[in-house]
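Both ligands and their constituent atoms are indexed starting at 1 by order of listing.
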Amino acid sequence: MSTHNGSSSTSTILQTALWNAKQAAQRLGLNENVVHQLTEPTERIQTRVHPLLPDGRMLHVQVFVVRHNDVLGPAKGGIRMTPSVSLDEVTGLAMEMTWKTSLIGVPFGGGKAGICCDPTQLNPIEKEILMRSFTRGVRRHIGPEIYVPAPDMGTNEGDMGHIRDCISYSAGMSITMGCYVTGKPVVLGGIVGRREATGNGVAATVAAACERLNRRISDLRVAVQGFGNVGSVAAMAMAERGARVVAVSDVAGGTYCKDGLDVARLVEYVRQTGGVAGFAGGQDVPRDNVLETDCDVLIPAAAGSVVTEQNAGRIRAAIIAEGANAPLTPPADEILNQRGVFIIPDILCNAGGVFVSYLEYTQETQRDQMTRDEVQRRLFDRMQTTFADVYDRAQRQHETMRHAAMDIAVSRVVDGIMARGLLP
Ligand code: NAD
């Protein structure tokens, strides 16, 4: 077996994505020309926007849009707003989206956008101005047949509403012709259940894993890193299924309770105070200890590359459900596999969001309205069948869940390339 060259501390999301793709290409015996098409992004846009704020300040913000691959359909992927987001990070995340949309079986390719700014330093009006400025700045690169954004770290439903309004308003129309953005408020054509879809999907894959591994959900102790959209909903869904959520962290701290945190109360506490630290139903612990909690299931649901070869040996969970994108570096992945940890890879585990985004896309295109029950049922069915496909392949081929998921996803994109034909 080949080994990863980069040291974990320098492994970025792009390096991880490239490593995973090249390993899959090797396993599948793909030729060099196809590997180029799979690994080189179709388009990488880097530009700046200069929104003028009400107090007279002008921001100068670097923004990125990457379409990694659109063989199977328009590029799909969220907008990340963090102070450190880079073109390479967005490229790696866009590549991951190519495999995720392929694996979960929706007619999209992979894309991602980045806005280099700290959202916590903006008030709601300032953030709306920045989102509108971003939309105008990259307008040519957004569209139902080009790239369809959605929320990611640092952006939310309200931001998607501003993007949609900016595009329809500029065209002098009340609505857009087709779906330009998903994860919008329901009142603007969003879909019920989209906000919870990723976290609910994460919990559905943990439940599917428990069935295969003969573990009862009610016996599970769960630790969750990150208590935003994905982490808080996944924690809630695990608690509702009977698991004990024993530890939770966010960027500013962590909280722990051996007998299980009251997740609903914690959600309310975070809504009021902005963070998990100081929660009366738990005991404060240092943020990074949460990863190493004595538990059965670890759900990393914050940033990428948080489990490295430095801390992989201290992870105590038997199951890792990758709610975040690329939370494990390749060396950490190798260490954990050798220790027999069951890893549900990101392109499977957190694909519920993009699946429900696809439902939103079809709903808007057809001016249809789906009910919450219908969305939940279709999400749950798709997560179950995709989990089964990946698990069965992993068993058959004696490979890890990550390898099986990548092999299925990459093969479908290759089939798409061949079906399109090789001439322009
Ligand atoms: P979010 O901004 O809503 O929440 C992020 C959370 O992580 C916050 O609670 C933040 O405080 C916390 N955090 C940040 N750094 C941390 C650290 N070092 N330690 C502990 N906590 C930390 O973002 P989100 O939408 O929940 O996304 C989380 C992850 O899931 C990202 O990797 C994202 O790419 C991935 N993801 C999100 C979706 C989606 O639908 N939102 C879909 C697929 C994948």
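- Nearest non-hydrogen protein atom to atom 30 (O) of ligand 1 is Gly323 O, 3.4 Å.
- Look at Glu399 and Arg393 and you find a salt bridge, because one of the NZ, NE, NH1 or NH2 atoms lies within 4.0 Å of a carboxylate O, short of that distance.
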Side chain to side chain donor-acceptor pair (under 3.5 Å) evaluation trace for Arg80 with Thr155: CA-CA 7 Å; Arg80 178 163 290 194; Thr155 59; over 6 Å; no
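- The N/O atoms of Asn325, backbone and side chain alike, include one that comes under 3.5 Å of an N/O atom in ligand 1.
- Residue Pro327 does not touch ligand 1, judged by heavy-atom distances below 4.0 Å.
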Residues Asp118, Thr120; criterion side chain to side chain donor-acceptor pair (under 3.5 Å); working and verdict: CA-CA 5 Å; Asp118 184 351; Thr120 63; 2.7 Å; yes
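- Among all protein heavy atoms, the one lying closest to atom 8 (C) of ligand 1 is Gly228 N, 3.8 Å.
- In terms of polar-atom proximity, defined here as any N/O pair under 3.5 Å, Phe227 does make such a contact with ligand 1.
- Residue-to-ligand polar distances place Asp152 within reach of ligand 1: an N/O pair is separated by less than 3.5 Å.
- Here the heavy atom of the protein found nearest to atom 37 (C) of ligand 1 is Val230 CG2, 3.4 Å.
- Among all protein heavy atoms, the one lying closest to atom 29 (C) of ligand 1 is Ala302 O, 3.2 Å.
- Counting protein heavy atoms only, atom 14 (C) of ligand 1 is closest to Val251 CB, 3.8 Å.
- At under 3.5 Å, not a single nitrogen or oxygen of Lys112, backbone or side chain, sits near a nitrogen or oxygen of ligand 1.
- Nearest to atom 34 (O) of ligand 1 by heavy atom, out of Arg80, Arg195, Arg194, Met97, is Arg80.
- Checking only distances, Gly353 never comes within under 3.5 Å of ligand 1, N or O to N or O.
- Checked by distance only, ligand 1 and Gly231 stay at 3.5 Å or farther apart across all their nitrogen or oxygen atoms.
- Within ligand 1, the atoms closer than 4.0 Å to a non-hydrogen atom of Ser249 are 20 (C), numbered from 1 in the order shown.
- Of all protein heavy atoms, the one closest to atom 39 (C) of ligand 1 is Thr198 OG1, 3.5 Å.
- Compare Asp250, Asp346, Asn229 by their heavy atoms: the one nearest to atom 3 (O) of ligand 1 is in Asn229.
- The existence of a salt bridge linking Arg132 and Asp165 is confirmed by a sub-4.0 Å separation between a basic side-chain nitrogen and an acidic carboxylate oxygen.
- Residue contacts with ligand 1 for Ala303 are absent, since no atom lies close enough (heavy atoms, distance under 4.0 Å).
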side-chain contact (heavy atoms from CB on, under 4.5 Å) between Thr400 and His403, worked out: CA-CA 5 Å; Thr400 64; His403 289 181; 3.3 Å; yes
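- Ion pairing between a basic and an acidic side chain is recognised when a charged N comes within 4.0 Å of a carboxylate O; Arg271 and Glu268 show such pairing.
- Residue Pro151 places no N or O, backbone or side chain, under 3.5 Å from any N or O of ligand 1.
- Atom 18 (N) of ligand 1 has its closest protein heavy atom at Arg287 CZ, 3.5 Å.
- For Gln397, the CD atom counts as densely surrounded, since its 6.0 Å shell holds more than 12 non-hydrogen atoms of other residues, nucleotides or ligands.
- Of the protein's non-hydrogen atoms, Ala301 O, 3.4 Å is the one closest to atom 28 (C) of ligand 1.
- Not one N or O of Asn350 is nearer than 3.5 Å to an N or O of ligand 1, by distance alone.
- The shortest side-chain heavy-atom distance between Tyr391 and Met401 falls under the 4.5 Å cut-off.
- A heavy-atom distance below 4.5 Å is not found between the side chains of Ile175 and Ser168.
- Residue-level proximity to ligand 1 for Met153 is carried by backbone and side chain together, each with a heavy atom below 4.0 angstrom.
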Side chain to side chain donor-acceptor pair (under 3.5 Å) between Asn229 and Asn156, worked out: CA-CA 9 Å; Asn229 180 339; Asn156 57 32; over 6 Å; no
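- The one candidate from Thr182, Thr198, Thr101 that meets the side-chain hydrogen bond (donor to acceptor under 3.5 Å, both in side chains) condition with Ser357 is Thr182.
- At least one side-chain heavy atom of Thr91 sits less than 4.5 Å from a side-chain heavy atom of Leu87.
- Within ligand 1, counting atoms from 1 as listed, the ones closer than 4.0 Å to a heavy atom of Gly154 are 2 (O).
- To the nearest 0.5 Å, atom CG of residue Leu103 and atom CD1 of residue Ile347 are 5.0 Å apart.
- Contact of the Gln23 side chain with the Gln26 side chain is registered, since non-hydrogen atoms from C-beta on lie closer than 4.5 Å.
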